[in-house]
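Throughout, numbering of the chain's residues begins at 1 and tracks the sequence.
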Amino acid sequence: MTYWAFCEDLSSDTVIIGDAEAHHLLHVLRLAPGATLTAFDGRGTEAQVIVEKSTRRDLSCRVVARVVHQKQDSALITVIASPPKADRLKWMVEKLTELGVDRLVLLNTQRTVVTPGDARVDKLRANVVAACKQCRRPMLMHLEPLQSFAAVLETATNPNKPGTCFIAHPDAPNMAAQKVEPAAGKNITLLIGPEGGFTDDEVSAAVLAGATRISWPETTLRIETAAVVFATMLMSQRKTVD
């Protein structure tokens, strides 16, 4: 089995893997000089490397092969979600990364309870890296800190950046019965509210700005479940019309 490791700079023939990545490779996996692994920079470059030497804190590796992955569709998939509590937020970050979502923006609404600070967001970015290694994804999902509803709505419905915006709301037509076909080649944005749901004013503002309301039949999904389920369906339906 080839191990994956994150390395921000893969541009030279000799690369250094340090910090937490080096600690895991050295002290958990017990890699020694001569071992091979796959390094990725989170921007699409993937390299096969051989460990040449190591210290207590880093590994010096020689690049033997390099490939640059290009995103097949230039359109972005963005999930904008009010953070769920405790480890449910970490779970959501990991699963959206595995699915191939491009951006996750944390959303602050009138009913949002969880408001992660910079330290928590940094830890969540480490979870993005770990999820990429687990699912062999060469591009990191961009994780953006808490933003206001007004700010994200303005960006999501910007006419200068063509795309389709959806807002999850229990009173909306259910997505399973509704024929939703995101336009090929255009950005997809999904808005997920807090546990108490979006307020009527927030839903009205989103619809007025051009968002389409969607829901799940018969049940109300939790934040992280809604994010994964609706993102999966939108991505799948978009692919069928590309």
Side-chain angles (χ1 to χ4, degrees), residues 75-86 88-89 91-93 95-96 99 101-117 120-121 124 141-238 240-241:
L76 298 178
I77 308 293
T78 300
V79 174
I80 302 175
S82 182
K85 296 177 181 178
R88 290 163 51 199
L89 175 55
W91 184 91
M92 183 176 74
V93 167
K95 300 312 165 190
L96 292 178
L99 283 174
V101 168
D102 296 295
R103 293 170 62 236
L104 171 61
V105 181
L106 302 181
L107 175 62
N108 192 13
T109 70
Q110 291 186 40
R111 294 173 177 164
T112 294
V113 175
V114 179
T115 55
R120 180 77 191 281
V121 173
L124 291 171
M141 178 180 73
H142 295 285
L143 177 61
E144 300 183 17
L146 213 63
Q147 298 183 26
S148 71
F149 183 80
V152 298
L153 186 61
E154 182 179 1
T155 302
T157 57
N158 187 340
N160 296 321
K161 297 181 179 179
T164 310
C165 182
F166 300 89
I167 181 168
H169 188 62
D171 295 334
N174 79 72
M175 191 173 177
Q178 191 179 8
K179 189 175 183 181
V180 177
E181 292 187 347
K186 291 187 177 181
N187 298 333
I188 295 175
T189 301
L190 171 63
L191 298 169
I192 305 291
E195 289 185 1
F198 289 112
T199 64
D200 291 341
D201 287 344
E202 288 169 338
V203 175
S204 296
V207 172
L208 185 63
T212 299
R213 297 183 305 147
I214 55 175
S215 70
W216 191 251
E218 300 183 2
T219 64
T220 299
L221 303 178
R222 300 179 85 172
I223 300 168
E224 68 278 15
T225 308
V228 170
V229 168
F230 289 131
T232 300
M233 293 187 71
L234 288 170
M235 293 170 70
S236 175
Q237 291 181 13
R238 186 195 63 156
T240 63
V241 297

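By the 4.5 Å heavy-atom criterion applied to side chains, Met92 and Val79 are not counted as neighbours. Between Val228 and Leu96, some side-chain heavy-atom pair lies under the 4.5 Å cut-off. With a 4.5 Å cut-off on side-chain heavy atoms, Asn187 and Thr78 do not count as touching. Between Leu99 and Thr232, some side-chain heavy-atom pair lies under the 4.5 Å cut-off. Asp200 places none of its side-chain heavy atoms less than 4.5 Å from the side chain of Val203. Side-chain atoms of Leu191 and Cys165, non-hydrogen and from C-beta on, do get closer than 4.5 Å to each other. Residues Met141 and Leu104 are in side-chain contact: their nearest non-hydrogen atoms beyond the backbone lie under 4.5 Å apart.
The distance from atom CZ of Phe166 to atom OG1 of Thr212, rounded to the nearest 0.5 Å, is 5.0 Å. Here Glu202 contributes atom CD and Ile167 contributes atom CD1; the two are 7.5 Å apart, rounded to the nearest 0.5 Å. Here CZ of Phe230 is found 6.0 Å from CD1 of Ile192. Values are rounded to the nearest 0.5 Å. Between the CZ atom of Arg222 and the CH2 atom of Trp91 there is a distance of 10.5 Å, given to the nearest 0.5 Å. Note that CG of Leu234 and OG1 of Thr164 are 9.0 Å apart. Values are rounded to the nearest 0.5 Å.
Nearest heavy-atom pair, Gly163 versus Lys186, reported as atom, atom and distance to 0.1 Å: CA-CB, 3.9 Å. Met233 and Trp216 get closest at one heavy-atom pair: SD-CZ3, 3.3 Å. The minimum heavy-atom distance between Val101 and Ala231, with the atom names listed, is CG2-CB, 4.3 Å. Across every non-hydrogen atom of Ala156 and Thr189, the tightest pair is CB-CG2, 3.6 Å. Across Gly196 and Arg111, no two heavy atoms sit closer than the pair O-NH1, 2.9 Å. The minimum heavy-atom distance between Leu106 and Pro116, with the atom names listed, is CD1-CG, 4.1 Å.
With sequence neighbours excluded, the residues forming a side-chain hydrogen bond (donor to acceptor under 3.5 Å, both in side chains) with Arg88 are Glu195, Glu224, listed by chain and number. With sequence neighbours left out, the side-chain hydrogen bond (donor to acceptor under 3.5 Å, both in side chains) criterion links Thr112 to Ser82, Thr109.
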Next on the checklist: side-chain contact (heavy atoms from CB on, under 4.5 Å) for Met235 and Ile188? Distances and angles first, verdict last.
Outcome noted: CA-CA 8 Å; Met235 293 170 70; Ile188 295 175; 5.8 Å; no
For residues 143-150, dump all side-chain donor-acceptor pairs below 3.5 Å to protein atoms at least two apart in sequence or in another chain.
residue, atom, partner, partner atom, Å
Glu144, OE1, Arg103, NH2, 3.3
Glu144, OE1, Gln147, NE2, 3.1
Glu144, OE2, Arg103, NE, 2.9
Glu144, OE2, Arg103, NH2, 3.0
Ser148, OG, Ala151, N, 3.1

